[in-house]
Amino acid sequence: MIDKKSLVIILSILMLPYVIASGQVADSLDTSKGKPEKIFVNSFLAPTILIGAGVATMYDRGWYSSYDAYECIQKNYPEFHSNLDDYLAFIPAAAVYGLNWAGVKGKNSFVDRSLIYLVSFSLAVATNGIIKGSTDVLRPNGADYNSFPSNHTAIAFASATFLHMEYKDQSIWYGIAGYTIATATGMLRMLNNEHWMSDVLVGAGIGILTTKVSYLLYPLVKDCLVSRRKQKGASNLSLVPYVSPNHYGIFLQYQIH
């Protein structure tokens, strides 16, 4: 049987994607969404809440702390193990390309959305890496001091937000599906004893935040580059992703004539 504390943690984390996705319904219905304050709220409210909740529940802090969540998981699922979280994180992003291939058009072209995702992915991983290096939080399983925040969860929520942003005008259910998968990724990281609850909450916030920021800034950067390209009469921008065992990112090269 699942005790009250385990039920609290499971329901709390499961509610996150639905709260986030439900809050986006107004995006397509509210005519004031173009106002700066509306854009700011839509972009930063959810990640701010998630990051704040994560910081507030680190170690044994808060009404229901990361230590409380850990004890509940160890009591009810001490032998749990799954590798599914290694793959779930990328499913929402893959769904964007699958839907487009199936004829369901998203918000941006193939090139534009690919660049946006590469930038958001790189920002999420880079931000996580900086925080991990400066906090040195020990994982629940004692493996290393790279626990805070969760990289898998950040990537999962970046992917989910990518799916939501591309298809929110088609249906809210795309966003709900993406955030559900992202939430499952975070839960599995905790059940696998790889991360504390605070790691997962902050990772989720970072994933959403970096993707929202990428969508806000990309049109401005694109307009600037297109304008300069027209002036020079040729394209001199190249952007190439790279992946290694311990690093992810993109190379950005701009040739000045």
Side-chain angles (χ1 to χ4, degrees), residues 9-21 44 46-59 64-66 69-70 72-73 77 80-95 117 120-135 137-141 143-165 175-214 246-248:
I9 181 176
I10 292 172
L11 289 179
S12 296
I13 297 179
L14 277 175
M15 284 175 63
L16 289 177
Y18 299 101
V19 171
I20 295 166
F44 300 111
T48 298
I49 292 173
L50 289 167
I51 292 171
V55 173
T57 56
M58 289 184 70
Y59 306 113
Y64 189 75
S65 71
S66 291
Y70 170 80
C72 288
I73 290 173
Y77 313 102
F80 182 89
H81 179 71
S82 173
N83 293 323
L84 191 59
D85 48 340
D86 290 330
Y87 309 99
L88 281 180
F90 298 96
I91 288 180
Y117 182 63
S120 62
F121 178 92
S122 300
L123 283 175
V125 173
T127 302
N128 266 23
I130 292 171
I131 298 175
K132 283 177 181 289
S134 61
T135 54
V137 176
L138 183 66
R139 292 184 187 272
N141 59 15
D144 56 48
Y145 285 85
N146 292 319
S147 188
F148 182 81
S150 169
N151 211 40
H152 281 70
T153 309
I155 293 171
F157 274 84
S159 297
T161 306
F162 175 54
L163 173 62
H164 166 72
M165 294 297 291
I176 290 176
Y179 285 123
T180 300
I181 293 172
T183 299
T185 303
M187 290 186 64
L188 286 171
R189 296 306 287 167
M190 295 171 61
L191 289 168
N192 280 327
N193 204 26
E194 292 284 346
H195 284 287
W196 306 98
M197 181 175 68
S198 56
D199 305 342
V200 168
L201 290 171
V202 173
I206 290 173
I208 296 172
L209 180 62
T210 53
T211 306
K212 291 280 191 175
V213 168
S214 297
N246 298 314
H247 301 283
Y248 310 87

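Below, each value reflects all heavy atoms present in this structure, side chains not excepted, and no hydrogens, waters or symmetry copies. Numbers here are sequence positions counted from 1.
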For residues [X] and [Y], determine if any side-chain heavy atom of one lies less than 4.5 Å from a side-chain heavy atom of the other.
{"X": "Thr153", "Y": "His195", "result": "no"}
{"X": "Met190", "Y": "Ile73", "result": "yes"}
{"X": "Pro140", "Y": "Glu194", "result": "no"}
{"X": "Tyr70", "Y": "Asn193", "result": "yes"}
{"X": "Leu188", "Y": "His152", "result": "no"}

Pairwise distance [atom1]([X]) to [atom2]([Y]) - rounded to 0.5 angstrom:
{"X": "Ile51", "Y": "Phe44", "atom1": "CD1", "atom2": "CZ", "value": "10.5 Å"}
{"X": "Asn192", "Y": "Asp85", "atom1": "CG", "atom2": "CG", "value": "5.0 Å"}
{"X": "Lys132", "Y": "Ser147", "atom1": "NZ", "atom2": "OG", "value": "6.5 Å"}
{"X": "Leu84", "Y": "Ile181", "atom1": "CG", "atom2": "CD1", "value": "10.0 Å"}
{"X": "Ser214", "Y": "Leu209", "atom1": "OG", "atom2": "CG", "value": "9.0 Å"}
{"X": "Tyr87", "Y": "Thr185", "atom1": "OH", "atom2": "OG1", "value": "13.0 Å"}

TODO: Would you confirm whether Ser198, through its side chain, and Ser66, through its main-chain N or O, come within 3.5 Å as a donor-acceptor pair?
DONE: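 No, Ser198 side chain to Ser66 backbone: no donor-acceptor pair under 3.5 Å.
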Open item on the list: Keeping Trp196 on the side-chain end and Leu138 on the backbone end, is there a donor-acceptor pair under 3.5 Å?
Closed with: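 Looks like yes, one N/O pair under 3.5 Å.
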- [ ] Check whether the side chains of Ser159 and Tyr117 place a donor and an acceptor atom closer than 3.5 Å, and report yes or no.
- [x]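 Yes.
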Open item on the list: Whether the Tyr179 and Thr161 side chains hold a donor-acceptor pair (N or O, under 3.5 Å, no angle test) is what I'd like checked.
Closed with: yes
- [ ] Please lay out, stage by stage, how Ile131 and Ile206 fare under the test side chain to side chain contact (heavy atoms under 4.5 Å, CB included).
- [x] CA-CA 11 Å; Ile131 298 175; Ile206 290 173; 3.7 Å; yes
Open item on the list: Run the side chain to side chain contact (heavy atoms under 4.5 Å, CB included) test on Tyr64 and Cys72 for me, step by step, so that the C-alpha distance in whole Å, both residues' side-chain angles and the decisive distance to 0.1 Å come before the verdict.
Closed with: CA-CA 11 Å; Tyr64 189 75; Cys72 288; 3.3 Å; yes
TODO: For the pair Tyr145 and Val137, evaluate side chain to side chain contact (heavy atoms under 4.5 Å, CB included) and give the outcome as yes or no after the intermediate values.
DONE: CA-CA 5 Å; Tyr145 285 85; Val137 176; over 6 Å; no
Minimum heavy-atom distance between [X] and [Y], given as atom pair plus value:
{"X": "Ile208", "Y": "Pro47", "answer": "CG2-CD, 3.9 Å"}
{"X": "Gly178", "Y": "Leu163", "answer": "CA-CD2, 3.8 Å"}
{"X": "Asn146", "Y": "Asp144", "answer": "N-OD1, 2.9 Å"}

Task: Option among Val213, Thr211, Ile155 that satisfies the side chain to side chain contact (heavy atoms under 4.5 Å, CB included) test with Ser120 - done: Thr211
TODO: Please report the C-alpha distance between Thr57 and Met197 in whole Å, then the side-chain angles of each, then the deciding distance to 0.1 Å, and finally whether the side chain to side chain contact (heavy atoms under 4.5 Å, CB included) criterion is met.
DONE: CA-CA 8 Å; Thr57 56; Met197 181 175 68; 4.0 Å; yes
